[in-house]
Structure formats: C-alpha cells, structure tokens
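Structure, as structure tokens:
As the structure is a computational prediction, the values presented were derived from the model and not from experiment.
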Amino acid sequence: MTAGVRQETPDARRGRPAGRRARLPVLLAVVALLAGVGYRLTLLAFHAPETNSDEATMGLAALHIARGQDFPVWFYGQSYMGTLEAYLAAPVLALTGPSLFGLRLVTVALYAAFALLAWRLTLRLTGDRWFALLVVVLLALGSDRIVKNQLIAGGGYPEMSPAAAALALLAYDLCAGRPGRRLPRWTAWGLLAGLMLWVDPLVLPYVLGVGAVLVAFRRRELRGRAGAVLGIAVLVGAAPLLGHSLATGRNPLAAVLAAAGGGADAPVGWADRLHGGLLLGPSLGMGFCSPGNCATWQLWWALALPVLLVVGAVAAGRALRTGLTGRADHVGGGARPGSGDDAAANGRVGAALRLALVAAGAATLVAYTLSGSAGRTPVESSRYLSCLLVSLPALLWPLWRAARRLADGRSRRPGRRVVGILAAAVLVATVAGTGYATYRAAGAAPAARAAEARHTELVGTLRELGVRHVYGGYWTCNRLTFASGEEVVCAVVDDELRPGHDRYAPYRRAVAASSAPAWIAPTGSPLAARQDERMRAAPGSLDLITIDGYRIYLARS
C-alpha cells in the first residue's frame with residue numbers, strides 16, 4: 001500500500017462509520033437487558049410467580065442467618081442443596097424483614113448478572129455483537145418455567161446459570177492467555193466451581209466441561225502456582241459441603257441420587273421417562289410453553305434441540321480440528337483485531353468452549369431423561385434443565401452463521417440457500433415461541449397477586465385472633481411462618497391429620513407444646529374436608545372461621 005494513503009472500509013465508503021454501527025447492537029443489548037430486568041421487577045410487584053413453602057423455607061433460613069440464630073449448610077430438612085441464596089438474602093432481609101420482595105431482589109440481581117455474563121461470553125465465543133444481542137433478547141424473555149427458575153428462591157436455580165456462564169467466561173480469558181490478573185482469575189474460577197459443588201450438582205456437567213477445556217489448554221500453567229491456587233480455591237468454595245460431610249459422616253451424593261427419583265419403591269417406565277425427558281422437558285425447561293402446560297405446537301423445540309446439539313457439536317469440533325476461528329468476519333461484527341495467529345488461537349479456545357457447552361447441555365438432557373423425575377413429574381421437574389440456557393450461544397451460533405451468509409448474499413449454492421432459509425426460520429420461531437410464552441406468563445400475574453392478597457388476609461386474621469401455633473399442610477406451613485416473621489408457627493400434617501414433613505423441627509415442638517393450636521386448610525382441600533368431618537363427628541369441638549381461600553379451625557377451650 002502506498003504510504004500516506006488511508007484504506008477505507010466498506011462502511012466508510014457508504015458513509016456509515018464502522019464505530020457507530022458497532023455501537024448499535026451494544027445499545028440495543030442494554031435496552032434488552034433493562035427490559036428483562038424491568039419485566040421481572042414488574043412480576044415481583046405482582047408477587048408473581050406465586051410463592052410456596054419451599055421458597056419460604058429459604059426465606060426462613062435467611063432470617064435465621066440475619067439474626068445470628070442459625071447458619072444452615074443445607075436446605076432445611078435434607079442433606080443436599082446448599083443455602084447460598086439464604087446467605088445472599090440475609091443482609092437484605094435484615095433491612096426489610098420477612099419480605100418476598102427482599103428475598104427476590106437477590107434473584108433479580110442474579111438474573112441481571114446472568115444476562116450480562118451471557119452477552120460477554122457470546123462475544124468471546126463468536127465475536128458477533130448482533131448475535132450476542134439475539135442471545136440477550138432471548139434471555140430477556142421469560143415463560144412461566146423460566147421466571148420460576150430465575151425468581152423463586154427455592155434453592156440453586158437462580159445462581160446456577162450465572163455461575164456457569166462466569167466459569168466459561170473466566171475459562172476463555174485464562175485459555176486465551178489474556179495478560180494480567182491471572183491468579184485472581186484462577187482463584188475466582190476455583191471458588192465458583194467449589195460453591196456450585198455445594199449448591200447443586202445439576203450444574204456439574206458445566207463445571208466438568210469447562211474445566212476440561214482449562215486442562216486441555218493450560219496444562220503447563222496448572223503445574224505451577226495456578227494449579228495450587230485453583231485447588232485451594234475449590235476447597236474453600238466447597239468447604240460447607242466438605243465440612244458437613246466430615247462432621248456427620250454423611251454422603252450428600254447418595255441423598256441427591258435418591259431425590260432424583262432412582263428409588264426402587266416408585267419405578268417409572270421408560271416410555272414415561274422418554275416422554276417427559278425428551279418431549280415435554282426441553283420445551284418446558286427452555287421457555288416455549290404456557291404456565292404448566294405445553295400445547296402440541298409448542299413441542300417443536302423438542303425436535304429441534306437434538307438436531308442443534310449435533311450440529312453445534314459438529315461445527316465446534318470442525319473449527320477446533322481445522323484451526324478455523326469460526327468467529328464473525330464481517331465488518332461491525334465485533335471480532336477483535338489482532339494477528340492471524342492470535343485470532344486462530346482465540347478461535348480454537350472459543351470452539352473448544354462451544355463444544356464443552358454443547359456437551360454439558362447434552363449430558364444435562366440425558367441425565368434428566370434417565371431420572372425418575374422426568375417420568376413422574378415432568379411439568380414441575382423440568383426446572384432441572386434450567387442450565388440449558390447457558391448453552392444457547394453454542395446451540396444457535398451455527399444457525400446464525402447460516403442465516404447471516406444468506407442475508408449477506410454469500411449462500412450462492414441452492415443447498416446453502418435452503419440451509420440458510422431453514423436456519424433463519426428456526427431463529428424466528430425461537431424468538432416468536434419464547435415471546436408468546438412470555439406473554440402467557442405475564443397474563444398469569446394478576447392471579448398471583450390475588451393469591452398473595454388472600455394469604456396476607458390469612459396472616460392478618462391469625463394475628464387479630466391471637467393465634468400463634470397452628471397445624472396445616474406442607475404447602476401452607478412454612479409460607480405462613482415466613483410471612484408472619486415466625487409470629488405464627490406451623491407444624492405440618494397430612495390429609496389424615498397425621499404428622500407430616502417438617503423441614504424445621506423446632507416448629508413442631510413449639511406447636512406440640514401449645515395448649516390449643518389452631519388448624520389451617522385451604523378451601524376445598526382434602527385437609528379441609530377431613531376437618532369438616534371431624535366437626536360433624538364431634539359438634540362443638542371446633543369453631544370455624546372462613547376467609548377468602550382458607551378455613552381456620554379454632555379449638556374450644
């Protein structure tokens with residue numbers, strides 16, 4: 001090139017500065033992120049999704065931590081599923097008191113962190129700002145199952161996805177050899193990995209997959225200080241799990257396997273497992289279905305997902321094997337400048353991580369399908385697939401590249417044009433399907449607000465009556481106890497009035513010591529019917545107070 005002659009980019013020749021064009025997807029991604037946060041805060045204002053006693057159990061743990069009363073390692077009543085959410089929420093509840101709003105502020109923040117990390121991770125893996133914008137838009141949407149996973153503080157789900165995305169992002173920076181802060185990055189990776197081992201093993205495929213990439217690219221570095229720092233950090237992160245196991249001699253893995261539905265006392269047929277794991281699970285768990293229901297046309301994603309897993313693995317494997325970067329090469333796409341060797345090396349790291357994310361997604365899907373939960377409770381247990389959202393950049397990237405080639409006029413062969421059209425159609429259907437499911441989920445918010453109002457009236461009525469000890473069903477008890485700030489303490493009974501599953505044993509002892517505990521039952525429930533039979537059999541033994549949605553049975557002194 002002649003000295004002093006400045007080469008013009010295609011955008012400059014058309015009068016569109018490349019820098020301005022490159023900033024547009026960033027600004028739109030910020031708008032999408034704010035819209036996603038705003039949508040979830042709006043749901044929070046409506047008390048949606050409706051809370052339950054499991055979330056209240058985490059809230060009670062947070063209250064106990066805030067008061068210095070207890071520091072639980074596990075979700076009350078079991079020896080697995082760490083209480084990280086309770087420790088994160090404890091400072092908030094120390095200010096707000098027993099508040100669903102305070103409890104879920106933490107989970108909204110975790111969602112925002114996930115969307116931001118997913119944006120940065122997608123840029124690292126593909127270099128395409130417009131594709132990263134698409135990923136953020138999809139994460140801004142939220143069907144019933146998605147917002148339940150992200151907002152309900154029921155143990156593990158809100159923090160697993162941001163942690164997995166952060167692990168992949170840190171791994172990219174470490175494997176690509178980014179200078180500076182190497183040991184802090186190794187420390188952060190180890191701490192996150194250890195914490196996730198404690199919180200929930202559902203994220204384990206992502207920890208192992210991303211960890212394998214680290215070992216493959218940084219074996220020599222791991223033989224030195226980095227390996228020692230990483231090992232210590234993992235132990236520190238997993239310290240609650242390890243400490244409890246050493247102190248009690250319990251094996252948390254055995255409890256997790258039992259909870260997954262592998263018990264011989266309740267066998268589940270393969271037809272049910274395959275139906276729940278491969279048909280209902282993917283569509284529900286990745287946000288394509290209405291609240292608690294999947295219409296037949298919404299199950300198309302169950303057919304698309306296996307194909308995307310295969311195509312994503314083949315594309316990433318080919319890029320890794322041939323040394324091609326697989327990154328965006330169009331103007332304004334977002335690829336970082338640098339030498340050809342650097343671009344190729346970073347491209348190989350990105351390809352390896354995309355392959356790891358695809359493999360982790362496939363392992364998650366297979367493990368869920370093999371579990372009894374997939375066949376026994378497919379609608380509710382589809383939450384076990386929540387981490388699949390972390391794999392979105394790897395799953396959709398081949399589709400985006402094919403559609404982009406079509407849009408840029410680079411698909412001249414008829415076969416490639418057909419592939420590009422199909423890829424574009426799948427991308428459009430993905431956005432449209434998740435958008436419709438989001439619309440349906442938002443429509444359920446008023447019902448959640450009404451349910452919360454009924455529960456608030458129940459708490460207020462009990463306070464006015466001076467009731468401090470009650471018996472109730474599992475889904476009544478801890479929700480009531482948390483909402484009242486433990487002013488009303490509830491012990492669990494089943495539909496036959498026998499002792500039920502109390503997650504926090506002191507509550508049962510307190511109710512048992514009461515001279516005249518009350519009974520609470522939702523209107524129309526089997527427990528209410530059983531108590532009505534009891535009143536008919538022994539007239540005058542109980543006084544009945546009815547409010548909207550609940551029946552309160554008071555013992556006569």
Given side chain to side chain contact (heavy atoms under 4.5 Å, CB included), test Ser290 with Asp144 step by step and report yes or no.
CA-CA 6 Å; Ser290 304; Asp144 176 66; over 6 Å; no
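- Judged purely by atom type and a 3.5 angstrom limit, Arg273 uses its side chain to pair as donor or acceptor with the backbone of Leu370.
- Side-chain atoms of Gln78 never come within 3.5 Å of backbone atoms of Phe75 as a donor-acceptor pair (strictly under, hydrogens ignored).
- Within the 4.5 Å cutoff, side-chain heavy atoms of Trp300 are placed close to those of Val426.
- Looking at Trp189, its side chain does come within 3.5 Å of a backbone N or O of Leu167 through a donor-acceptor pair.
- With a 4.5 Å cut-off on side-chain heavy atoms, Phe217 and Leu174 do not count as touching.
- Heavy-atom minimum distance, Trp186 versus Leu230: O-CD1, 3.7 Å.
- For Val390 against Tyr206, the heavy-atom pair with the smallest separation is CB-CE2, 4.0 Å.
- Rounded to the nearest 0.5 angstrom, Phe288 CZ and Ser283 OG are separated by 7.5 Å.
- Looking only at distances, a side-chain donor or acceptor of Ser391 sits under 3.5 Å from a matching main-chain atom of Leu357.
- Here the CG atom belonging to Leu192 is positioned 11.0 Å from the CG atom belonging to Leu169, to the nearest 0.5 angstrom.
- To the nearest 0.5 Å, the span separating CG on Asp128 from CG on Leu134 amounts to 9.5 Å.
- At a threshold of 4.5 Å between non-hydrogen side-chain atoms, the residues Leu151 and Arg40 count as touching.
- Here the closest non-hydrogen pair linking Arg218 and Ala176 is NH2-C, 4.0 Å.
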Evaluate Trp198 against Val73 for side chain to side chain contact (heavy atoms under 4.5 Å, CB included), listing each step before the verdict.
CA-CA 9 Å; Trp198 166 47; Val73 171; 3.6 Å; yes
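- Here the straight-line distance linking atom CG of Leu139 with atom OG1 of Thr122 works out to 8.0 Å at 0.5 Å rounding.
- Taking the six-membered ring for Trp and thresholds of 30 and 60 degrees, Tyr436 and Trp297 have ring planes inclined between 30 and 60 degrees apart.
- Heavy atoms only, all atoms of each residue included: Leu353 and Val210 are closest at CD2-CG1, 4.3 Å.
- In this structure, the side chains of Arg23 and Arg129 stay at 4.5 Å or more apart for every pair of heavy atoms.
- Across Val203, Leu110, Ile152, Leu202, a single residue satisfies side-chain contact (heavy atoms from CB on, under 4.5 Å) together with Tyr157, and that is Leu202.
- To the nearest 0.5 Å, atom CZ of residue Arg321 and atom CG of residue Leu355 are 10.5 Å apart.
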What do the steps show when you test Val236 against Ile232 for side chain to side chain contact (heavy atoms under 4.5 Å, CB included), and what is the final call?
CA-CA 6 Å; Val236 171; Ile232 293 172; 4.3 Å; yes
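- For Thr434 (side chain) and Val431 (main-chain N/O), a donor-acceptor pair under 3.5 Å exists by modelled atom type.
- Within the 4.5 Å cutoff, the side chain of Tyr80 has no heavy atoms near those of the Leu241 side chain.
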Under the side chain to side chain contact (heavy atoms under 4.5 Å, CB included) rule, what do Leu365 and Leu309 come out as? Steps first, then yes or no, please.
CA-CA 10 Å; Leu365 186 61; Leu309 287 169; 4.2 Å; yes
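- Taking the side chain as every heavy atom from C-beta outward, Thr107 and Gln150 never approach each other to under 4.5 Å.
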Applying side chain to side chain donor-acceptor pair (under 3.5 Å), run through Tyr368 and Ser381 and close with a yes or a no.
CA-CA 9 Å; Tyr368 173 62; Ser381 65; 3.0 Å; yes
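- Taking the side chain as every heavy atom from C-beta outward, Pro49 and Arg104 approach each other to under 4.5 Å.
- Taking a cutoff of 4.0 Å between a charged side-chain nitrogen and a carboxylate oxygen, Asp173 and Arg124 qualify as a salt bridge.
- Within 6.0 Å of CZ in Arg182 there are more than 12 heavy atoms belonging to other residues, nucleotides or ligands.
- Separation of atoms CE (Met286) and CD1 (Ile146) is listed at 7.5 Å; rounding is to 0.5 Å.
- The closest donor-acceptor contact from the side chain of Glu55 to the backbone of Gly154 lies at 3.5 Å or more, if one exists at all.
- The side-chain heavy atoms of Phe114 and Pro158, taken from C-beta on, include no pair separated by under 4.5 Å.
- What you find for Trp119 and Pro25 is that their closest heavy atoms are CH2-O, 4.0 Å.
- Below 30°, between 30° and 60°, or above 60°: for Trp397 and Phe131 the angle between ring planes is between 30° and 60°, a tilted geometry.
- Taking each heavy atom of Asp200 and Gly155 in turn, the nearest pair found is OD2-O, 4.1 Å.
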